[in-house]
Structures are given as C-alpha cells and as structure tokens.
Enquirer: 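There's a structure below that I have some questions on.
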Amino acid sequence: MQIAYNTKINSGCISRQVGAVVTDANFSVKGIGWNEVPEGQTPCSSRDVRYLMNNEKSLMFSDFEKGDGTYEDNKTFKEKIKENFSALSDDQLKGRSCPYCFKSQHNAFEGKENQVHTRSLHAEENAMLQITKFGGQPLKGGYLFTTASPCELCSKKAYQLGISNIFFIDYYPGISQKHILKSGKNNPRLFNYIGGIGKGYLKFYEPFLSTKDELFLRTTIKPQEKKVESKELLELLNSKEIKTSYLDKDGNIDFDKIITLIKK
Ligand SMILES: Nc1ccn([C@H]2C[C@H](O)[C@@H](COP(=O)(O)O)O2)c(=O)n1
C-alpha cells in the first residue's frame, strides 16, 4: 500500500490524487498506476485556463474545449469558461498558474454530476492497463491496493480480472461495493486498509539504524573471531629462525621488518 501511496504524488489531477498497485496471488507487483490523462495529453495541473482564453498552447486543449460543440444555451465550452473566469486577475494568483477541472466545469455547465467526464484514467485502471500495455500477466486471485476505494467502472474491471481482495485507504463515494462488488459469486472482497501509511509507515517501520548494529550497541556481543590465525602468527614470530629476522643487530625489535613479515 505504501507503493500505491507514494505513486499518487505523480498524478496531475487537481481534484484528487490516487495511487494503485495490482499484484498476482503471491503479492508480486504486476502494475502500478495513478490517475492521469492518456499518454500524450497534458495533465490538468500543467494547463492554465488563461492559455485557453487567450488561444495559446492550443495542443493542450481538446477541440471541444476550444469550441467544437455547444451547450443547451448554444454557447461553447470556451465561451462559458471565459464568462466564468472573467473576474480572474493576476493579483489573485500571485504568480501561480490557474488550471481548471474540466469535469467540474462541464458538469456545472450541463447541470449534471457525471464522473465519466474526468480527463484522467483512474489510478486502478492505469495500473491494470499497464499490464496490457507492456506485457500480459494474469491477475486472477491477485490483489488491488488503492488509496481511494474503486468506482463502479474500476470495480467491474477488478471483478472481471479475478482480483480476490481490494484494499483501500479513503472511501470514494458511490455504489460500487453494494452494486458491483457484492454481486455474483466470484466477487472481490473489499477492505479498509488499517496499517501505517505515508510518513507514519516510515516512522513505524524504518529502523533508526540496522538491527544488527543496534543489537551490538545494546549487548556488545559480536561474532567470535577466529583465534587460530593469531595463534599461528605468534608461534611463527616466536620461532628461532624468524625471531632473528625481526631483530636488528643490537637485538632490538625492528617493527618495519615485523610488518613486512605479517604482510607476507
Ligand atoms: N477510486 C478512484 C477514485 C477517483 N480517482 C480519480 C479520478 C479523478 O482523476 C479524480 C476524481 O476525484 P473527485 O471525484 O474527487 O473529483 O480521482 C481514481 O483514480 N480512483
């Protein structure tokens, strides 16, 4: 779950950052994902509503956003955005950019609440799709770890792939549990994750120093050193022939000679 938690930071969604990891039945990680736009599109966090209003960086925006299509009042998305942000001033932003959430704006213009209009793929589906993109690996009996409980669409995908258990941190509103996950006979089980996470995980589990070093500091017990070699060395140094070779002509110890002898 800590991997899912870390990975959510990659998300360019300005509404909510979600991270997910899928594993096989042996907890071997098969895919990691976060909520993000399809590769090649610009994440919401990197766009600025002023680019759209001033016809700049047009590749960042879809044809619909730029004016292809109208609402009931015959106004285009861009026209409505211009009305909505007419009071926007650089003073308010103090040098910050001003991205907008397409889903929120479009839903408000339509008078609806439709999650489908998020520009991002969901973290869970990105984790699952990673496998399809880079090489098929079965998830049957596997696990889904996600920082937000899966929506109806992602729950269906997890169900279809044969995921056995889903762990989540934050509850995401919807009826996925009652309607999708608690239906049929091969349903994945959903659990609220209760372990340490984020900085808490590190505080709980990151050792202050290696357990081996800590135990030595506490007990001062260390592996018994092999004594034989030093014993052999002493015997060698004591032998008559060698003894003369490390004594100088006055019978004093010549340390340089001893060091050379030991090195040999
Ligand atoms: N289980 C979930 C729930 C949400 N999201 C993502 C999709 C959108 O990018 C964002 C939507 O958040 P909100 O509904 O709070 O705007 O969160 C996700 O990836 N996985």
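In each ligand, atom 1 is the first atom listed, and ligand 1 is the first ligand listed. Count residues from 1 along the sequence.
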Enquirer: Strictly under 4.0 Å, does any heavy atom of E125 approach an atom of ligand 1?
Expert: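 No, E125 has no heavy atoms under 4.0 Å from ligand 1.
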Enquirer: Kindly state whether the ring of F27 and the ring of Y143 have centres lying under 6.0 angstrom apart.
Expert: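 That pair passes the under 6.0 Å test.
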Enquirer: Is it possible for you to say whether I32 and Y5 belong to one hydrophobic cluster, with membership spreading through side-chain heavy-atom contacts below 4.5 Å?
Expert: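 They do share one cluster, since a chain of ILVMFWY contacts under 4.5 Å joins I32 to Y5.
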Enquirer: I need the K140 NZ to Q160 CD distance, nearest 0.5 Å.
Expert: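 Rounded to the nearest 0.5 Å, the NZ-CD separation comes out at 9.5 Å.
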Enquirer: What protein heavy atom lies closest to atom 8 (C) of ligand 1? Include the residue and the distance to one decimal.
Expert: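 Going atom by atom, the protein heavy atom closest to atom 8 (C) of ligand 1 ends up being T118 OG1, 3.5 Å.
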Enquirer: Identify, for atom 5 (N) of ligand 1, the protein heavy atom at the shortest distance, and state residue, atom and that distance.
Expert: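 Checking every protein heavy atom, the shortest distance to atom 5 (N) of ligand 1 gives V18 CG2, 3.6 Å.
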Enquirer: Within ligand 1, which atoms have a heavy atom of K103 less than 4.0 Å away?
Expert: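 Selected atoms, number and element: 11 (C), 13 (P), 14 (O), 16 (O).
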Enquirer: Only heavy atoms count here, so choose which of K8, H122, R119, E113 is nearest to atom 7 (C) of ligand 1.
Expert: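 Closest candidate by heavy-atom distance is H122.
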Enquirer: At a non-hydrogen distance cut-off of under 4.0 Å, which region of E124 contacts ligand 1 (side chain, backbone, both, or neither)?
Expert: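 Only the side chain of E124 comes within reach of ligand 1.
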Enquirer: When you check the gap from the basic side-chain N to the acidic O, do K157 and E125 get nearer than 4.0 Å?
Expert: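 Salt bridge: yes.
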Enquirer: Should you measure from each heavy atom of A123, which atoms of ligand 1 turn up under 4.0 Å away?
Expert: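 The list of qualifying atoms is 18 (C), 19 (O).
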Enquirer: Can you tell me if E36 has a non-hydrogen atom under 4.0 Å from ligand 1?
Expert: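 Checking ligand 1 against E36, which is what was asked, there is no heavy-atom contact under 4.0 Å.
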Enquirer: I need the single residue from I175, I163, L190 that forms a side-chain contact (heavy atoms from CB on, under 4.5 Å) with L181. Which is it?
Expert: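 Filter result, single survivor: L190.
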Enquirer: Please write down residue, atom name and distance for the protein heavy atom closest to atom 6 (C) of ligand 1.
Expert: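 Closest protein heavy atom to atom 6 (C) of ligand 1: N35 ND2, 3.4 Å.
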Enquirer: With a cutoff of under 4.5 Å between side-chain heavy atoms, which Ile, Leu, Val, Met, Phe, Trp and Tyr residues group with Y51?
Expert: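 V49, L52, M53, M60, F61, F64, Y71, F77, I81, F85, L88, L93, Y100, F102, F109, listed by chain and number.
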Enquirer: At under 4.0 Å between heavy atoms, is it the side chain or the backbone of P150 that contacts ligand 1, or both, or neither?
Expert: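 P150 to ligand 1: backbone contact only, side chain stays beyond 4.0 Å.
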Enquirer: In ligand 1, which numbered atoms sit nearer than 4.0 Å to a non-hydrogen atom of A148?
Expert: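 Listed by number with element, the hits are 1 (N), 2 (C).
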Enquirer: Looking only at protein heavy atoms, which one is nearest to atom 15 (O) of ligand 1, and how far off is it?
Expert: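 Atom 15 (O) of ligand 1 sits closest to the protein heavy atom R16 NE, 2.8 Å.
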Enquirer: Under a 4.0 Å N-O cut-off, is there an ion pair linking D73 with K80?
Expert: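 The answer is yes: the pair qualifies as a salt bridge.
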Enquirer: What part of S149, side chain from CB on, backbone N/CA/C/O, both or neither, has a heavy atom under 4.0 Å from ligand 1?
Expert: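 It is the backbone that touches ligand 1; the side chain stays farther off.
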Enquirer: Could you tell me whether R50 and E56 have a side-chain N and a carboxylate O separated by less than 4.0 Å?
Expert: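 Not counted as a salt bridge, because no side-chain N and carboxylate O are separated by less than 4.0 Å.
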Enquirer: What atoms in ligand 1 come closer than 4.0 Å to a heavy atom of S120?
Expert: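 With S120 as reference, the close atoms of ligand 1 come out as 9 (O).
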Enquirer: Name every donor-acceptor pair, under 3.5 Å, that has one atom in a side chain of residues 208-216 and the other anywhere in the protein, sequence neighbours excluded.
Expert:
from	atom 1	to	atom 2	distance (Å)
S210	OG	D213	N	3.1
S210	OG	D213	OD2	3.2
E214	OE2	R218	NE	2.9
E214	OE2	R218	NH2	3.0

Enquirer: Tell me whether T146 has any N or O atom under 3.5 angstrom from an N or O of ligand 1.
Expert: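 Looking only at distances, the answer is no, because the N/O contact criterion of under 3.5 Å is not met.
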Enquirer: Can you pull out the closest protein heavy atom to atom 16 (O) of ligand 1? Residue, atom name and distance to 0.1 Å, please.
Expert: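 Going by distance alone, atom 16 (O) of ligand 1 is nearest to S15 OG, 2.4 Å.
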Enquirer: Between F167 and Y193, does the ring centroid distance fall short of 6.0 Å?
Expert: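 No, they do not, as the ring centres are separated by 6.0 Å or more.
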Enquirer: Which residue and atom name correspond to the protein heavy atom nearest atom 14 (O) of ligand 1, and how close is it?
Expert: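 For atom 14 (O) of ligand 1, the nearest protein heavy atom comes out as Y172 OH, 2.5 Å.
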Enquirer: Hey, is R47 close enough to E65 for a salt bridge, meaning N to O under 4.0 Å?
Expert: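 Answer for the salt bridge query: yes.
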